[in-house]
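Order of appearance sets the numbers: ligands from 1, and atoms from 1 within every ligand. Every value quoted in this text rests on a predicted model; they were computed, and no experiment measured them.
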Amino acid sequence: MFRTHTNGELTLKNLNEKVTLSGWVQTIRNKGFMIWIDLRDRYGITQLVLDEERTSKELLETAKKLGREFVIKMEGTVIERTSKNPKIPTGDIEILVEKLTILNESQLPPFTIEDETDGGEELRMKYRYLDIRRNPVKDKLIFRHKMAQKVRNYLSEQGFIEVETPVLIKSTPEGARDFVVPSRMNPGQFYALPQSPQTFKQLLMVGGMDRYFQIVKCFRDEDLRADRQPEFTQIDCEMAFVEQEDIMNVFEGMTKVLLKDITGKDFPDFPRLTFAEAMQKYGNDKPDIRFGMEFHELNELTKGKNFKIFDDAELVVGINVEGIADYTRKQIDELADWVKRPQIGAAGLIWIKFQNDGVVTSSVNKFYSEEDLKKIIEEFGSKAGDLIFIMSGKADKVRPQLSALRMELGNRLGLRKGNEFAPLWVVDFPLLEFDEESGRYHAMHHPFTSPKTEDFALLESDPGKARANAYDLVLNGNEIGGGSIRIFNRDLQSKMFDLLGFSKEEAEAQFGFLMNAFKFGAPPHGGLAFGFDRLVAILDGNEVIRDYIAFPKNNSGRDVMIDAPAPIHPDQLAELELKLDLKS
Ligand code: ASP
């Protein structure tokens with residue numbers, strides 16, 4: 001037997017009991033006549049003690065051979081500690097060692113396995129199995145497990161059935177590139193790894209499953225942005241005989257359960273914004289509504305004062321930032337430079353200060369009198385001490401630019417608190433978005449999303465204006481879930497493929513199986529998917545999703561621990577009838 005208890009459970013209640021424990025040696029303090037060992041496992045740390053008086057010489061010798069991360073098994077008696085450690089549950093006791101077995105030795109680990117480690121990111125990724133021994137990493141994996149468990153319970157209680165869908169499939173377009181897998185048995189042909197189980201879950205609805213979910217790996221070969229993983233996990237769901245409202249209710253309910261578990265609080269119904277409102281108020285379709293700084297449009301108040309930049313702009317829009325009127329010229333210039341960086345691309349930043357002494361001044365005093373400025377201040381409802389930032393230009397450019405500034409200020413001013421949660425729905429997304437580069441429409445969500453019934457006619461007259469029955473769930477400035485009511489009518493689906501520029505042959509080759517299924521009584525259906533990694537990170541007050549994945553890839557999509565991707569053996573290539581011709 002390796003253990004009677006774990007290292008996290010013994011207390012004064014167990015005094016004088018004989019116990020067996022196993023685990024890793026976290027630290028050894030050797031005072032010569034006395035040795036203390038911190039023994040660690042997933043559950044905690046227990047202090048072991050050996051001394052010249054009570055321990056045999058032989059045992060002391062074995063203990064002296066121990067090093068950090070050795071795996072040991074010990075037997076001994078629970079005794080009361082003289083100097084207690086109130087920080088850990090086992091801090092009142094220690095174990096007087098009577099028998100000690102070294103189960104395995106360990107090399108000196110490349111970084112210290114403690115909450116605060118000296119290991120850099122890359123090194124910890126390379127030895128991820130050692131990193132997982134550390135509380136901050138281990139706790140995140142446990143948190144993830146708990147959330148997955150809650151989700152499974154909630155959905156099962158609501159009548160959802162977990163069904164596994166295949167991983168070797170044919171491309172499903174969700175806007176990214178596919179990872180492909182060559183087929184040995186079908187030379188020259190490839191499977192694609194699912195970007196999501198979208199078409200399969202729709203087929204499950206045709207199959208009458210009624211309510212489906214799956215906690216499932218998805219794969220997208222995208223250019224890696226910070227904190228994107230090429231493989232990630234979704235809570236994927238689909239329901240039949242439902243309208244948008246039904247779906248939103250079920251998943252708002254699920255999110256409330258998770259939020260209640262974490263905060264202990266009941267959340268009121270989530271606010272809703274249309275896509276158009278979100279863009280107008282926050283310049284962003286996933287707004288962080290934990291802090292104000294809502295956009296105010298200022299074209300009317302600023303025009304006709306000979307300030308050409310504003311007069312010529314399609315949109316003049318600003319935000320009021322509370323309590324920073326004492327920002328120095330230097331601080332403001334630094335922010336202006338920040339928004340002018342190519343990543344954001346703003347043309348400039350105009351400011352108005354409502355100073356604490358009541359004086360109103362601005363960077364455009366030449367054009368606007370104090371009276372003009374006061375009207376703007378009234379528009380915002382600013383208070384003495386506030387600072388207003390204004391940007392102008394084309395609406396679709398300037399909104400995201402001001403949104404970036406708003407988020408940056410939210411971060412800098414500490415307004416984006418990890419333990420505060422502000423969920424909301426964004427609804428009524430446009431069905432299509434026009435892609436300048438390819439000169440054609442793309443589905444904003446995916447090609448299976450249904451237009452709003454009242455916008456059907458627009459598909460003929462002005463497709464860009466048609467709105468979709470699509471919705472996103474947003475939490476703290478992140479899209480945590482998104483979905484739509486699907487097209488379940490063959491003709492409409494075919495029309496949609498036309499609009500997206502698929503020829504009849506292409507549509508048939510790629511989606512013939514779905515179109516076929518629609519011939520056999522497809523029920524009305526819809527669903528959504530949550531990004532599980534991100535959801536878990538945010539619920540845990542964090543935004544770095546990598547920390548919540550046991551074995552993540554780095555920013556270049558590599559697993560530095562197993563060193564993948566990697567070349568394959570020429571024999572494997574030959575078997576696949578593939579030839580590599582790498583020119584570059
Ligand atoms: N398949 C979609 C996605 O991955 C979600 C959905 O429409 O249900 O975003």
| With atoms numbered from 1 as shown, which atoms in ligand 1 lie under 4.0 angstrom from a non-hydrogen atom of Gln234? | 3 (C), 4 (O)
| Which atoms from ligand 1 have a heavy atom of Arg486 less than 4.0 Å away? | 6 (C), 7 (O), 8 (O)
| By number and element, which atoms of ligand 1 are closer than 4.0 Å to a non-hydrogen atom of Gly483? | 6 (C), 7 (O)
| request: Before giving the answer on ring pair (Phe, Tyr, Trp, His ring centres under 6.0 Å), spell out for Tyr129 and Phe551 the whole-Å C-alpha distance, their side-chain angles and the decisive distance to 0.1 Å. | output: CA-CA 9 Å; Tyr129 44 88; Phe551 298 104; 8.2 Å; no
| Does NZ in Lys465 sit with more than 12 non-hydrogen atoms of other residues, nucleotides or ligands closer than 6.0 Å? | no
| Between Glu479, His445, Arg220, which one has a non-hydrogen atom sitting closest to atom 7 (O) of ligand 1? | His445
| Are Asp288 and Asn476 linked by a side-chain donor-acceptor pair shorter than 3.5 Å? | no
| note | For Lys201, the ligand 1 atoms with a heavy-atom partner under 4.0 Å come out as 6 (C), 8 (O)
| message | Test of understanding: given a 4.0 Å heavy-atom threshold, classify the contact between Ala529 and ligand 1 as side chain, backbone, both, or neither. | response | both
| field | Those atoms of ligand 1 less than 4.0 Å from some heavy atom in Ser196 | value | 1 (N), 4 (O)
| field | Between OH on residue Tyr548 and CZ on residue Arg534, distance to nearest 0.5 Å | value | 12.5 Å
| task | Report the C-alpha separation of Asn320 and Phe295 in whole Å, then their side-chain angles, then the decisive distance to 0.1 Å, and conclude whether the side chain to side chain contact (heavy atoms under 4.5 Å, CB included) test is met. | result | CA-CA 8 Å; Asn320 178 72; Phe295 288 18; over 6 Å; no
| query | Is there a donor-acceptor pair under 3.5 Å between the side chain of Arg133 and the backbone N or O of Leu130? | reply | no
